[in-house]
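To start, the structure under review is shown below, and the notes come after it.
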There are 2 protein chains.
Amino acid sequence: MNRKVLVLYELSRRFENGVDHILLSSSDAGRLLGISQQSACRYINELERDGLIKKTRSGQKQRIEITENGINLLREIYLDLKNFFEYKYKYKQKLSMEGRIITGIGDGAYYIKEYAEKLKERIGINPFYGTLNVKIDRMPFKIEKYSIGVIEEFREKNRIFGRIRYIPATISGDGWSEDCFIVLPERTHHKDEVEIISEKNLRREFGLKDGDKIRVDILL
Amino acid sequence: MNRKVLVLYELSRRFENGVDHILLSSSDAGRLLGISQQSACRYINELERDGLIKKTRSGQKQRIEITENGINLLREIYLDLKNFFEYKYKYKQKLSMEGRIITGIGDGAYYIKEYAEKLKERIGINPFYGTLNVKIDRMPFKIEKYSIGVIEEFREKNRIFGRIRYIPATISGDGWSEDCFIVLPERTHHKDEVEIISEKNLRREFGLKDGDKIRVDILL
DNA sequence: ATTACTAATGGACGAGTAT
DNA sequence: TATACTCGTCCATTAGTAA
């Protein structure tokens with residue numbers, strides 16, 4: 001297994017949703033990979049020679065696509081790792097966070113109402129029109145990586161509703177536990193806060209108030 | 001991103017279901033990685049120094065475990081790739097095949113019975129002692145790539161049972177759908193046919209007969 | 001058989017530079 | 001600004017061995 005796949009992987013990380021190429025100079029690539037512009041250039045050319053990417057010029061930058069062979073190579077690794085985490089590696093720890101309930105900015109209800117239909121389509125729940133905001137004591141690194149889906153930005157009633165990600169989780173408190181989803185607004189995401197949606201009005205259902213201790217477990 | 005993760009990845013591929021370590025000599029590792037015994041030895045020691053694996057001696061071989069840091073590193077890559085394939089890379093998330101039910105060679109029942117115990121261990125299902133054979137209209141390229149595991153050749157009652165691969169999938173027909181596995185015997189694999197196993201007797205359960213139209217979706 | 005050291009060497013790397 | 005060539009340097013790799 002050659003070092004080139006690492007370069008291919010690093011390139012794949014730079015892809016945006018639904019866009020089949022990236023624009024990148026060889027200096028950018030070098031910075032991205034922690035190597036010189038010259039080496040990055042060499043790697044990119046080798047990847048092209050190997051038929052793993054296709055590059056064309058697009059103004060000053062290079063337009064880089066991953067070819068079917070490249071995709072297959074990445075997929076092979078993906079499936080191996082998937083196999084490892086979902087079947088072989090038995091100690092699937094849940095990623096746990098602890099924190100306290102806080103009051104959010106208050107328009108959660110309005111927002112969830114707009115997103116509700118799309119959420120129902122995607123994850124099959126009829127969310128309660130409101131979010132439960134939890135301030136996390138020690139936030140794990142990059143929880144957005146655990147998201148299982150994205151709702152793309154959309155316009156409604158002349159307003160823009162930004163892209164959100166969602167993560168399946170369970171929320172639990174003193175003697176109760178409930179399946180839920182963490183929603184991560186891409187723009188206004190506070191680093192140490194998560195917003196929880198659920199089919200239930202969690203505050204009412206479990207008699208929660210600000211400051212109550214809460215645990216949130218992401219299901220890996 | 002260092003070359004070491006490739007070594008870690010290659011090690012992870014060698015893990016068996018539910019076993020938290022592998023037994024491996026440095027020569028084995030070298031062969032596995034396509035490098036010399038010396039380099040493999042050096043890499044393994046570096047991985048240990050970096051806290052990504054833990055090694056102990058177990059007789060002649062080394063017993064290698066992946067530490068929590070190592071797991072986290074692999075998981076980061078896994079989640080990146082998952083993100084790539086499930087959200088960024090828009091083309092074919094499910095791999096769909098259409099075909100028609102045919103009658104297999106008839107000893108599927110006997111075979112599955114022998115493989116059943118191993119299948120149960122690996123994928124947690126109690127397969128019905130029989131396969132449903134489907135002749136696929138247009139077979140996608142190399143579906144064996146999507147297999148999540150292998151049952152190695154074994155001897156039983158003086159017969160050799162060859163290596164098979166299995167792929168999680170759903171099978172669906174007119175108004176019904178069921179989780180299943182595609183099994184691919186490595187030797188006698190007809191290019192345009194798949195054998196389906198499931199916990200249910202699919203023919204009886206859904207009233208299927210030869211010629212019925214069927215869709216099989218591989219879950220990527 | 002192992003693991004793993006040292007020393008020789010081949011290949012990757014980046015500085016300099018042409019285009 | 002780019003990309004990408006040449007080439008000297010140095011690091012990774014391996015052969016030879018020791019333990």
Side-chain angles (χ1 to χ4, degrees), chain A residues 1-16 19-67 69-70 73-74 77, chain B residues 1-16 19-67 69-70 73-74 77:
Chain A
M1 179 74 64
N2 195 296
R3 173 139 202 199
K4 286 173 197 167
V5 307
L6 284 178
V7 176
L8 192 62
Y9 158 73
E10 287 292 346
L11 294 179
S12 79
R13 293 179 39 160
R14 282 296 174 101
F15 276 67
E16 298 284 340
V19 183
D20 70 344
H21 65 271
I22 43 176
L23 297 175
L24 199 77
S25 73
S26 58
S27 326
D28 293 340
R31 216 170 303 121
L32 183 69
L33 296 159
I35 57 179
S36 67
Q37 171 268 322
Q38 291 88 337
S39 291
C41 178
R42 217 184 36 247
Y43 272 118
I44 288 173
N45 288 336
E46 282 173 20
L47 286 177
E48 182 166 44
R49 227 169 297 137
D50 293 352
L52 299 173
I53 64 171
K54 214 179 100 184
K55 70 174 209 231
T56 46
R57 276 301 262 288
S58 170
Q60 290 244 323
K61 306 251 167 174
Q62 316 190 73
R63 183 182 189 280
I64 294 176
E65 275 176 77
I66 302 184
T67 64
N69 282 342
L73 182 55
L74 287 176
I77 296 170
Chain B
M1 178 72 63
N2 194 296
R3 172 138 202 198
K4 287 173 197 167
V5 307
L6 282 179
V7 177
L8 192 63
Y9 158 72
E10 287 292 345
L11 294 179
S12 79
R13 292 178 38 158
R14 282 296 173 102
F15 276 66
E16 297 285 340
V19 183
D20 70 343
H21 65 272
I22 44 176
L23 297 175
L24 198 76
S25 73
S26 58
S27 325
D28 293 339
R31 215 168 306 121
L32 183 69
L33 297 159
I35 56 178
S36 67
Q37 171 268 321
Q38 291 88 337
S39 291
C41 177
R42 189 163 35 77
Y43 272 119
I44 287 173
N45 288 336
E46 282 174 20
L47 285 177
E48 181 165 45
R49 228 168 296 138
D50 292 352
L52 300 173
I53 64 169
K54 214 180 101 185
K55 69 173 211 229
T56 47
R57 275 302 264 285
S58 170
Q60 290 243 323
K61 307 251 166 174
Q62 318 190 73
R63 183 181 189 281
I64 295 176
E65 275 175 77
I66 302 184
T67 64
N69 282 342
L73 183 54
L74 288 177
I77 296 170

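Lettering of chains follows the sequences in order, A, B, ..., and the numbering in each one begins at 1. Fair warning: this is a prediction, and the values are worked out from it, not measured in the lab.
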How close or far is atom P of C:dA12 from atom CD of A:E46, stated in whole angstroms?
-> 8 Å
Provide, to the nearest angstrom, the distance between the CD atom belonging to A:Q38 and the C1' atom belonging to D:dC7.
-> 12 Å
Just to confirm, is there a sub-4.0 Å distance from OP1 or OP2 of D:dA4 to any side-chain nitrogen or oxygen of A:R49?
-> no
Base, sugar-phosphate alone, or nothing: which one does A:S25 contact when heavy atoms must sit under 4.0 Å apart?
-> sugar-phosphate
Distance, rounded to the nearest Å, where B:D28 contributes CG and C:dT3 contributes P | 8 Å
Side chain of A:R3 only, please: which of C:dC13, D:dT13, C:dG14 is the nearest?
-> C:dC13
What integer distance in Å separates A:Q37:CD from C:dT19:C1'?
-> 13 Å
If you take all heavy atoms of A:F15 and A:I64, which pair is closest and at what distance?
-> CZ-O, 4.0 Å
Do B:S26 and B:Q37 have side-chain N/O donor and acceptor atoms under 3.5 Å apart?
-> yes
Taking only the side-chain nitrogens and oxygens of B:K55, find out if one of them lies under 4.0 Å from OP1 or OP2 of C:dA4.
-> yes
For A:I35 and D:dC11, what is the distance between atoms CD1 and P respectively, to the nearest whole Å?
-> 17 Å
In whole angstrom, give the distance that lies between atom CZ of A:R31 and atom P of D:dT3.
-> 11 Å
Contact under 4.0 Å: B:S39 side-chain N or O vs D:dT14 OP1/OP2 | yes
Separation of C:dC5 P from B:Y43 OH (nearest whole Å) = 16 Å
Whole-Å distance between C:dT6 C1' and B:R42 CZ?
-> 13 Å
With respect to the phosphate group of D:dT3, does any side-chain polar atom (N or O) of A:S26 fall under 4.0 Å of OP1 or OP2?
-> yes
